[in-house]
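FYI, side chains are in, hydrogens and waters are out, and symmetry mates aren't considered; it's all heavy atoms of this structure. The structure presented is a predicted model; accordingly, all values stated were derived computationally and were not measured.
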Amino acid sequence: EDPQIWLDKATYFGYGPCPIITLVDDGLNVDPKRRDTVNVNVNSSSDTVGISVTLTETTSNSGEFAGEFALNRIKSDDISKTLRVGNKDSLTVTYVKAKSSKGSNQVFTRSATWQASNGDVKLLKKSYIGLNTIATVSINDKDLNLRDAYIDTAKVRIYSEADPKGIFLTAYETGSNTSTFAVKFRFSIDKSSIRDTIIKVNPTDNIYAEYIDEMDDTGAFNVRVISTSTFQFSEAVIKTSAQNDEGSGNFVTVTIEDP
């Protein structure tokens, strides 16, 4: 029976999920008491030479081998088993099965694609009222899901008309492997503070959240993505306990409500 080779996904997004290669070939089961190994080549449209990846038998005497490799957009590295990829690249795994001295080698391949995704940023409300309001900004970008089993982070800049420079905040993934990141911030008329996650605002202001998408789905680098909301002071309400003109000598309770 011919060997079977495959990748765990047809399309990969981001640099975090390591593609997993599986190869089934009973002919490679040399030692039934030990886990054997075999090398395969992995290349991409951006790196046609590629890297060598060692597959290890999943259990002794099984004839099934598996291994993984990492992805980045800078350069391939055979030592760390990292393959360079670009937007809409094809990834190809090649296994060469050696034949007898009288025969020729057999070549088995399996391909997948790598696709950059569009990043998005969103202030969760169109308008914020009052200094005690807590705002939330959310970022979604599959390319930032660098580690499947861990909480990754994203950077976002919050700024206003009162503070055009703004503050840079770290948003944390809402769960491992969600690709959605969130961070909260507050408002002040005094000054902005990264430590306290506060942005300075005018009584009436525009609020901006800016995220730099390292690569969008067209392959463009460092794309600015901006979400806009408004801010305004809340109106105070004055209430009294008096219903009518109760005359002098009576106490009146005055209540000021100002969110």
So how far is it from [X] [atom1] to [Y] [atom2], rounded to the nearest 0.5 Å?
{"X": "I134", "Y": "K184", "atom1": "CD1", "atom2": "NZ", "result": "7.0 Å"}
{"X": "T56", "Y": "E64", "atom1": "OG1", "atom2": "CD", "result": "12.0 Å"}
{"X": "S76", "Y": "N43", "atom1": "OG", "atom2": "CG", "result": "9.0 Å"}
{"X": "D8", "Y": "I21", "atom1": "CG", "atom2": "CD1", "result": "9.5 Å"}
{"X": "L7", "Y": "L91", "atom1": "CG", "atom2": "CG", "result": "7.0 Å"}
{"X": "L169", "Y": "F181", "atom1": "CG", "atom2": "CZ", "result": "15.0 Å"}

Can you get from [X] to [Y] by hopping between Ile, Leu, Val, Met, Phe, Trp and Tyr side chains that sit under 4.5 Å apart?
{"X": "I226", "Y": "V183", "value": "no"}
{"X": "I212", "Y": "I158", "value": "no"}
{"X": "Y95", "Y": "V42", "value": "yes"}
{"X": "F221", "Y": "V225", "value": "no"}
{"X": "Y211", "Y": "F13", "value": "no"}

Within the 6.0 Å centroid threshold, strictly below: Y208 and Y159: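 Yes.
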Output field: ring centroids Y128/F187 closer than 6.0 Å: yes
F233 and T204, any side-chain heavy atoms less than 4.5 Å apart: no
Any side-chain heavy-atom pair of F231 and N202 under 4.5 Å: no
Are any side-chain N or O atoms of [X] and backbone N or O atoms of [Y], one a donor and one an acceptor, separated by less than 3.5 Å?
{"X": "D216", "Y": "A220", "value": "yes"}
{"X": "E173", "Y": "I151", "value": "no"}
{"X": "N87", "Y": "D217", "value": "yes"}
{"X": "D205", "Y": "A162", "value": "yes"}
{"X": "T59", "Y": "S62", "value": "no"}
{"X": "D89", "Y": "G86", "value": "yes"}
{"X": "T133", "Y": "G130", "value": "yes"}
{"X": "S227", "Y": "L123", "value": "yes"}
{"X": "D143", "Y": "S117", "value": "yes"}
{"X": "D31", "Y": "D36", "value": "no"}

Residues R73, R84; criterion side chain to side chain contact (heavy atoms under 4.5 Å, CB included); working and verdict: CA-CA 5 Å; R73 71 177 181 89; R84 178 191 173 198; 5.7 Å; no
Pair S192-I198, side chain to side chain contact (heavy atoms under 4.5 Å, CB included): steps then yes or no: CA-CA 5 Å; S192 298; I198 291 175; 5.7 Å; no
Pairwise ring-ring contact (aromatic ring centres under 6.0 Å, His included) hits with a residue in residues 15-60, at least two apart: Y15-W114
Salt bridge present between R157 and E210 (N-O < 4.0 angstrom):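 Yes, charged N to carboxylate O under 4.0 Å.
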Presence of salt bridge, D25 and K97, under 4.0 angstrom: yes
Given T174, N140, D120, D141, the one that forms side chain to side chain donor-acceptor pair (under 3.5 Å) with T180: N140
Polar contact flag, side-chain donor to acceptor under 3.5 angstrom, D47-S44: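 Note: D47 and S44 side chains miss the donor-acceptor criterion.
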Residue pair N39 / T54, side-chain donor-acceptor N/O under 3.5 Å: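 Yes, a side-chain donor-acceptor pair sits under 3.5 Å.
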Worked verdict on D78 versus S52 for side chain to side chain contact (heavy atoms under 4.5 Å, CB included): CA-CA 6 Å; D78 215 26; S52 176; 4.0 Å; yes
Trace of the side chain to side chain contact (heavy atoms under 4.5 Å, CB included) decision for D213 with N222: CA-CA 5 Å; D213 188 0; N222 300 323; over 6 Å; no
